[in-house]
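One structure is given here, and the rest of the page talks about it.
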There are 2 protein chains.
Amino acid sequence: MSIVNHELYKVFYWAAKTGSLSQAAKALYLTQPSVSHAIKQLEESLGITLFYRNSKGVALTQEGAVLYSYIEKSHILISIAEKKMTELKNLDSGELKIGGSESLFKHYLLPFLEEFHQQYPGIGLSLIHGTTPEIISYLKEGRVDLGVVRMPITDPQLEVREGIQLQDCFVAGAHYADLKNKVITLEMLLEYPIILFSRNSRARMGITELFHGYGYELKPEIEVGSVGLLIECAQKGLGISYVTREFVSKELEDGSLFEIQLDVQLPPSQVGIMIMRNMPLSRAANQFIERIK
Amino acid sequence: MSIVNHELYKVFYWAAKTGSLSQAAKALYLTQPSVSHAIKQLEESLGITLFYRNSKGVALTQEGAVLYSYIEKSHILISIAEKKMTELKNLDSGELKIGGSESLFKHYLLPFLEEFHQQYPGIGLSLIHGTTPEIISYLKEGRVDLGVVRMPITDPQLEVREGIQLQDCFVAGAHYADLKNKVITLEMLLEYPIILFSRNSRARMGITELFHGYGYELKPEIEVGSVGLLIECAQKGLGISYVTREFVSKELEDGSLFEIQLDVQLPPSQVGIMIMRNMPLSRAANQFIERIK
DNA sequence: GATTGACTATAGACACGGTCTATATCTCCT
DNA sequence: AGGAGATATAGACCGTGTCTATAGTCAATC
């Protein structure tokens, strides 16, 4: 192990670079005797004379020049590191990795991401798609800084903040126009082909459970893999899709889809922003979460 | 300029490398609280959290990992530098550059060089030929560590130690066998073709001056560029060579040359070992000079 | 659900040493 | 000879790096 105080190398670097102990002292905001003392200490620690001194300043000895060739590189690395740290601190560089579903990115996070990117263009953005359990494991592995998923999340290692509240609903296209402006029951709804999200999404589990609670079994006619397809299938008249209302606001507005009015209240769902408990956030992630609030 | 005490990076390096403040403390021969304090200090200086802590130890944050990528390289460089310094100190590596004439290397320094190289095989040897003024300028430029030339040397920037004493003399080969065992005068000598070293060597200047002191002018019939040729020419009977007796001991012994006995005493010449005054010697050079004494 | 062990954080005290001022010394230059 | 500018040395002081002691936290184990 090194016996030498690394701080002495910093002094050595400046003394060698400037060829003057006085100059080095200036650069280091020290006095000349301090630098003189530091160099002597370094020389004694190494057992080698590093400089020869004359009335004009100092010059490296052969051995000192060898040392300098290493210390210079080392010092430059540290300088770069410190510059990089300042950038990271000022959010001039860095990376923000977010886990979530495509639809949440598209319909919920996008405006925040846009604003964030505009303010901190140096920060790279990584959006990683996955199911809720996948995202949780990404979080634990450190592959994402934060996750955006549907509540509730119960993992004790995670800290969850509530985000926006969403409302799921059933929508249909022109083919089922006769259902428009009618209030229908769950039982009636089951007569129609239902289109659900294929994966074990929280939304699907919720609605299945709701039907179960009323004694019915919800079996989809069609299962699709994305919110985009849910919308498209409903528009084409293939059935009635269960979607998040906020994600089809455009289609509801232009009339290509309409919402089925039910006699029961469908449960709202909360978006949660997950981070690891007891793990400091990156500055970028921290700043981003502040924005969302 | 860096605000951070570089010693803190050493602590950071070990903490990051071992993933534990306690382990780092052990490696640094410190206590755990000291390391904890140092890391906190570093984090505050940079304004960035570098580790997250848990009951198992510490782990780098994103930003900490960035810092580590630089500090690790920097630290490795310093380690190599310190290893190299130890080598230089122990004379396991380094270089010894000596300036001198070919003949002095061959007939005077060779045995010392041999012994030195045997004891310190890690030290590279550089023998640089040149005239006395050339060697002096090499010394001043730092291109050689020490010079070995004929005395006297009067340069005030140089420090000269006396080496071996040499005796110049005139020698001839079989062709001038009639001069053998005769004592002859300078005037008589001038009747014969004289062979001198061509360059402005100290030896030639000395003998020319000696003749001048007696009222004669010494003009060589032949001028040659090396001691080897001086010997060869004399052996071939081309004339009488002025050489250093110690450099022709082999030829004097095997009878291919004999020394001309003069009625005046030729001045001896001293070998001097020159080093720069007020400039520390490299450890290798220092050690070598100790050997010569 | 106590208990134990391994780890880090905090508090407070002490002493070492890093830094300063003042001064000496040296060399070069005018 | 004197001045400018460089390094070396001496000695004093203050800061801070380091220690001991203790608390707090988490995880595993019985």
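Chain identifiers are assigned alphabetically (A, B, ...) following the order of the sequence lines, protein sequences preceding nucleic acid strands; residue numbering begins at 1 within each chain.
Rounded to whole Å, the distance from CG on A:Leu30 to C1' on C:dG18 is 9 Å. Here the P atom of nucleotide C:dT27 and the OH atom of A:Tyr52 are 16 Å apart, to the nearest Å. Atom pair A:Leu50:CG and D:dT7:P shows a separation of 15 Å (rounding to whole Å applied). Atom-to-atom, OH of A:Tyr29 to P of D:dG15 comes out at 21 Å; the value is rounded to the nearest Å. For B:Leu8 and D:dT16, the CG to P distance is 12 Å, given to the nearest whole Å. Rounded to whole Å, the distance from CD on A:Glu7 to C1' on D:dT18 is 17 Å. Summarising the geometry, the separation between NE2 on A:His37 and C1' on D:dG11 is reported as 12 Å, rounded to the nearest angstrom. Going from atom CG of B:Asn5 over to atom C1' of D:dG15 covers 13 Å, rounded to whole Å.
Aromatic ring pairs are classed by plane angle as parallel below 30°, tilted from 30° to 60° and perpendicular above 60°; the pair B:Phe12 and B:Tyr68 is perpendicular.
Counting only heavy atoms from C-beta on, B:Pro33 has its side chain closest to C:dA11 among C:dG18, D:dA8, C:dA11.
A distance of 6.0 Å or more separates the ring centres of A:Tyr13 and A:Tyr9.
In terms of polar N and O atoms assigned as donor or acceptor, the side chain of B:Gln32 comes within less than 3.5 Å of the base of C:dA9 in a complementary pairing.
Of the side-chain N and O atoms in B:Arg53, none sit less than 4.0 angstrom from OP1 or OP2 of D:dT25. The side chain of A:Lys40 contributes an N or O atom lying less than 4.0 Å from OP1 or OP2 of D:dT9. Of the side-chain N and O atoms in A:Ser36, none sit less than 4.0 angstrom from OP1 or OP2 of D:dT7. Between B:Ser34 and D:dG17, a side-chain N or O to OP1/OP2 separation shorter than 4.0 Å is absent. Close to C:dT8, at under 4.0 Å from its OP1 or OP2, lies no side-chain N or O of B:Ser55.
The CD atom of B:Gln119 sits 4.0 Å away from atom CZ of B:Arg291, with the distance rounded to the nearest 0.5 Å.
For the residue pair A:Gln41/A:Asn5, the side-chain donor-acceptor check at 3.5 Å is not satisfied.
Among the heavy atoms of the strands, none lies under 4.0 Å from A:Val35.
Between A:Glu43 and A:Lys40 there is no salt bridge, since no side-chain N of the basic residue sits under 4.0 Å from a carboxylate O of the acidic one.
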